[in-house]
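What follows is one structure encoded as structure tokens, with my remarks underneath.
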There are 2 protein chains.
Amino acid sequence: MDTKSLMVDIATKLFQQKGYKGVGLNELLKACNITKGALYHHFPNGKEELLIACLQSLNEAITTDIESIFQQHPSTQEATHAMIEKLITNLETDGTITGYTFSSIVSEMASLSEPVRNACGALYEKIQDIYRNKLLTDGFSIESASSVSLFMTASIEGAMMLCLTQKSTDPLRTISKILPNLLKEF
Amino acid sequence: MDTKSLMVDIATKLFQQKGYKGVGLNELLKACNITKGALYHHFPNGKEELLIACLQSLNEAITTDIESIFQQHPSTQEATHAMIEKLITNLETDGTITGYTFSSIVSEMASLSEPVRNACGALYEKIQDIYRNKLLTDGFSIESASSVSLFMTASIEGAMMLCLTQKSTDPLRTISKILPNLLKEF
DNA sequence: CCTAACATACCGATCGGTCTGTTTACTACT
DNA sequence: AGTAGTAAACAGACCGATCGGTATGTTAGG
């Protein structure tokens, strides 16, 4: 793996876990086992540029990951269940958020940096699109599919928040149990 | 208003908007028009102690606020609608999150400080309790009420996140439109 | 030999926190 | 009533550590 990709990979995890301001440059460099020279060679605009690269990388990773799950299951309901199961496994194995979320970055940076806000927005959008398309093939109307996909995104994101504060995966499990009711409703 | 309360009030807003690490002590002191001496007199353990005081204050404020809304409306559905309307108004008037959320603090601090994590957990718990009790009077079973109240908390929290990235109040509006479907389901 | 890919020393600014005054308010005693 | 004492409520200078960022090397590959 080349240095740049390595940096993005490690930085992504750190940013997800501790937030943008929560990760210092020195800490980051030590984790990657590189120096400032390397960082500013690949990312001349420094930390924020690295963050945006991380968000873009995350965008691709999440998209392909979720998309593959949604292709493997016939209905939105089953796909969602499988996806949340995977989220739970992730959360259980490394204790912190490393999955399809980046809430810390959103809430920290949305009001501070437009580029970062846009990158986060793009990511949410893409996730919602996958849900939406699946819902459409399930037979939902365009309007319903849009609303429900937003609802799914929001509730899963919120549930991860609750998992963090409770140090438990129960909230995600509950969401997983309740979501089907919503998907049948329409 | 005494100095201590003033500090908590202003700090609460700043922490909600910029996150914990996003607010420097000097910035905070300037906003309150006080000095370090005053801060460390009232909060000997510094910034983190202030944060916890803010979370506790927020706890009371949110609780009484939501509780009053839920008392004024007969059903969970109507109360929820009114509450989200208020959230939207808040978001529109000052552009940033100042309402019933503190997601930035959760995602930043949950893995770093146990006391902070607990304080955040207590707050979510209390909000959920209000929902749950209302659902019980609506005739929901204990189990259903617990699940649905968690679902409500998560989806509203997540929706605020989406509002931030989109710089729009639409996600909250969508949630508000969809939630009743869930509340009828059971 | 020239450029990409680093390494490292260094920078001012800011971080949260401490320490030592000083002012104010209130109490206790004569 | 006047005064002395005391503790709470600040104010502000100062601290080392760390922040993100820069400037100047050095090294290795084509």
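Chain A is the first sequence line, chain B the second, and so forth, proteins listed ahead of strands; every chain is numbered from 1.
The distance from atom NZ of A:K30 to atom C1' of C:dA7 is 17 Å, rounded to the nearest whole Å. Rounded to an integer number of Å, the gap from B:L39 CG to D:dA13 P is 17 Å. Whole-Å rounding puts the A:K4 NZ to C:dC6 P distance at 11 Å. Summarising the geometry, the separation between CG on A:L25 and P on C:dG12 is reported as 19 Å, rounded to the nearest angstrom. Atoms CD1 (B:I34) and C1' (C:dT22) sit 17 Å apart, rounded to a whole Å. The NZ-C1' distance, from B:K47 to C:dT18, rounds to 17 Å in whole Å. Distance A:D2 CG to C:dA4 C1': 13 Å, rounded to the nearest Å. One atom, NZ of A:K21, and another, P of D:dC19, lie 13 Å apart when rounded to the nearest Å.
Side chains of B:S147 and B:S144: a donor-acceptor N/O pair is absent below 3.5 angstrom, by distance only. Judged purely by distance below 3.5 Å, without hydrogens or angles, the side chains of A:E108 and B:S104 never pair a donor atom with an acceptor atom. In this structure, a donor-acceptor pair under 3.5 Å is absent between the side chains of A:T101 and A:Q16.
Taking 4.0 angstrom as the limit, B:K36 places none of its side-chain polar atoms (N or O) nearer than this to OP1 or OP2 of D:dG12. At the phosphate of D:dA9, neither OP1 nor OP2 sits under 4.0 Å from any side-chain N or O atom of B:H42. Between A:T3 and the phosphate of C:dA5, there is no side-chain N or O to OP1/OP2 separation shorter than 4.0 Å. Neither OP1 nor OP2 of C:dG16 sits under 4.0 Å from any side-chain N or O of B:N26. Checking the phosphate oxygens (OP1, OP2) of C:dC6, no side-chain nitrogen or oxygen of A:H41 falls inside 4.0 Å.
Among the atoms of the strands shown, only primed sugar atoms or phosphate atoms (P, OP1, OP2) are found under 4.0 Å from some heavy atom of A:G46.
The neighbour count for A:H81 NE2, taken as heavy atoms of other residues, nucleotides or ligands under 6.0 Å away, does not exceed 12.
Between B:F102 and B:Y124, the angle of the ring planes lies from 30° to 60°, which puts this pair in the tilted group.
Nearest nucleotide to the A:Y40 side chain, out of C:dA7, C:dG16, D:dG21: D:dG21.
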